[in-house]
Structures are given as structure tokens and as C-alpha cells.
Amino acid sequence: VLIPIILFIYWRKHKLSISRETLLLAGIFGIAFGLIESSVVIYLRASTGLLPGFEGTLIDIWRHASDISYNQQILATELPISLLTIEFIREIGTAVMIISVAFLAGKKLRESVAIAFWISAIWDIFYYVWLFILVRWPQSLTTQDLFFLIPEPWFGQVWFPILVSGLTMLGIVLNRTKYSKG
């Protein structure tokens with residue numbers, strides 16, 4: 001929670017010159033990336049037997065959604081070492097992709113950093129949106145989730161990353177210069 005607050009204070013002094021078009025396109029990237037990320041999680045859950053009904057249609061998964069109580073600890077502790085290693089590498093790849101796009105879109109370092117946080121925030125929110133659309137999970141904002149594996153597994157309730165992401169997005173929008181193109 002401190003990161004968006006610290007960035008807000010910094011950006012308050014050093015305004016961001018990011019156009020609406022850049023935020024929109026970076027946001028679209030974040031939404032699409034959230035879909036990819038949620039798909040990977042669905043595949044992992046299916047491969048570990050944590051996704052009832054996956055052998056059928058999405059309707060079959062939805063029928064079982066109320067029965068699903070994902071034990072996120074299983075993904076962190078019982079995932080085969082080969083899949084855990086691939087997941088760890090995928091998380092690094094995710095960070096590299098977001099940072100690369102942000103540096104292509106930003107004119108200055110602070111704008112690139114802001115765009116990276118913008119993409120990450122939208123990706124994080126839409127990750128949960130897509131998971132809910134596709135498999136009806138999470139059931140509520142208090143549902144436990146495994147956030148990251150780097151540097152070690154981070155667990156918490158779904159509302160936390162959504163709050164941090166929302167605060168981050170708000171900090172960026174409120175600290176754009178009035179003279180930004182768009």
C-alpha cells in the first residue's frame with residue numbers, strides 16, 4: 001500500500017506528461033495481458049486437478065464454481081518442480097514485457113515507470129475480472145489468492161491487489177500535467 005502513496009507524493013512534485021492515448025493503449029495491453037495471465041492460471045489449476053469440470057465446457061466449470069475452494073497453498077507447495085520453475089521464469093518474463101512496453105511508451109524515466117505501474121495495475125484488476133468471467137472465481141473480494149512466487153510465495157485476499165492497483169491508477173491520473181497531449 002505504501003508504493004502508490006510514495007509514487008503519488010513523488011509524482012505530485014514531478015508531474016507526469018503522459019497522454020490519454022498512451023494510457024488508453026497501455027491499458028488495453030494490460031487488459032489483454034490480464035486475460036493471458038488468467039488463462040495460464042486456469043491451465044495450472046486444471047493440470048493440478050484444482051479445476052473441477054475442466055474436461056467439459058465452461059458451463060461445466062461454472063456449475064462447479066460454488067463448490068470450488070482453491071487451496072492456493074497447493075500451487076505453491078505441491079506444484080511439480082518443473083512447472084514451478086516454468087512459472088517462476090514466466091513471472092520474470094511478465095515483468096520484462098511490462099517494463100519493455102512501458103519504456104517504449106514513456107518519454108522520460110518517470111513516465112516509463114508510471115506506465116509500467118499503470119499496465120501492472122490494470123493487468124492485476126483484469127486478471128481477476130477475466131478469472132471471474134471464465135471460471136467464476138474468485139467468489140468474493142475476501143477470497144485467498146497466491147499473488148506471486150517471486151522472491152517467495154505471497155498470499156492474501158483478492159481485495160488487496162485491487163486496492164493497491166486502484167490507488168496506483170488514481171495517483172497516475174491525478175498527477176498528469178494539464179498540458180499532456182490528449
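For the side-chain hydrogen bond (donor to acceptor under 3.5 Å, both in side chains) test, residues two or more places apart in sequence or in another chain that qualify with Thr22 are Ser19. Ser82 pairs by the side-chain hydrogen bond (donor to acceptor under 3.5 Å, both in side chains) definition with nothing, not counting sequence neighbours. Listed by chain and number, the residues in a ring pair (Phe, Tyr, Trp, His ring centres under 6.0 Å) with Trp159 amount to none (sequence neighbours excluded). In this view, Leu109 and Phe103, Val113 satisfy the side chain to side chain contact (heavy atoms under 4.5 Å, CB included) rule, not counting sequence neighbours. Annotation: side chain to side chain contact (heavy atoms under 4.5 Å, CB included) contacts of Ala95 (sequence neighbours excluded): none. When the salt bridge (Lys or Arg N to Asp or Glu O under 4.0 Å) test is applied to Arg90, the partners found at least two apart in sequence or on another chain are Glu37, Glu87. Among residues two or more places apart in sequence or in another chain, the side chain to side chain contact (heavy atoms under 4.5 Å, CB included) test is passed with Thr143 by Trp137, Pro138, Gln139, Ser140, Val158. Not counting sequence neighbours, the partners of Phe88 by the side chain to side chain contact (heavy atoms under 4.5 Å, CB included) test are Ile92, Ile150.
For the pair Trp62 and Arg136, the tightest heavy-atom approach, listed with the atom from each and the gap, is CD1-CG, 3.5 Å. Here the closest heavy-atom approach between residue Arg45 and residue Leu131 is recorded as NH1-CD2, 4.4 Å. The minimum heavy-atom distance between Trp130 and Leu35, with the atom names listed, is CD1-N, 3.2 Å.
Tyr43 belongs to no hydrophobic cluster with other residues, because no ILVMFWY side-chain heavy atom falls under 4.5 Å from its own, directly or through intermediates. Clustering of Ile, Leu, Val, Met, Phe, Trp and Tyr by side-chain heavy atoms under 4.5 Å joins Ile6 with Leu2.
Contacts classified as salt bridge (Lys or Arg N to Asp or Glu O under 4.0 Å) and involving residues 106-119 (residues at least two apart or in different chains) are not found. Applying the ring-ring contact (aromatic ring centres under 6.0 Å, His included) rule to pairs touching residues 8-30 yields Tyr10-His14, Phe29-Phe33, sequence neighbours excluded.
Side-chain contact check for Phe155 versus Asp145: every heavy-atom pair is 4.5 Å or farther apart. The shortest distance between side-chain heavy atoms of Lys15 and Arg176 does not fall below 4.5 Å. With a 4.5 Å cut-off on side-chain heavy atoms, Ile3 and Leu7 count as touching. Between Leu16 and Thr177, the closest side-chain pair of non-hydrogen atoms is not below 4.5 Å. Ser165 places none of its side-chain heavy atoms less than 4.5 Å from the side chain of Ile122. The shortest side-chain heavy-atom distance between Ser38 and Phe132 does not fall under the 4.5 Å cut-off.
With rounding to the nearest 0.5 Å, the separation of CD1 in Ile98 from CH2 in Trp118 is 14.0 Å. The distance from the CD1 atom of Ile61 to the CG atom of Leu134 is 8.5 Å, given to the nearest 0.5 Å. A distance of 8.5 Å separates OG of Ser112 from CD1 of Ile18, quoted to the nearest 0.5 Å. Distance OG/Ser47 to CZ/Phe54: 8.0 Å, rounded to 0.5 Å. Between Ile119 atom CD1 and Leu23 atom CG the span is 9.5 Å, to the nearest 0.5 Å. Atom CD1 of Ile115 is separated from atom CD1 of Ile99 by 13.0 Å, given to the nearest 0.5 angstrom.
Met169 and Leu25 are not part of a single hydrophobic cluster, where members link through side-chain heavy atoms under 4.5 Å apart. Leu174 and Leu24 fall into different hydrophobic clusters, where Ile, Leu, Val, Met, Phe, Trp and Tyr residues are linked whenever their side-chain heavy atoms come under 4.5 Å apart, directly or through other members. Residues Trp123 and Val173 fall within the same hydrophobic cluster, defined by Ile, Leu, Val, Met, Phe, Trp and Tyr side chains chained together at heavy-atom separations under 4.5 Å. Residues Ile9 and Val164 share a single hydrophobic cluster, defined by chaining ILVMFWY side chains whose heavy atoms lie under 4.5 Å apart. Using a 4.5 Å cut-off between side-chain heavy atoms of Ile, Leu, Val, Met, Phe, Trp and Tyr, with links allowed through other members, Val41 and Trp154 fall into the same hydrophobic cluster.
When atom types are taken as modelled, the side chain of Asp60 and the backbone of Thr57 share a donor-acceptor pair closer than 3.5 angstrom.
Screening Asp124, Val129, Leu141 for a side-chain contact (heavy atoms from CB on, under 4.5 Å) with Ile162, the sole residue that qualifies is Leu141.
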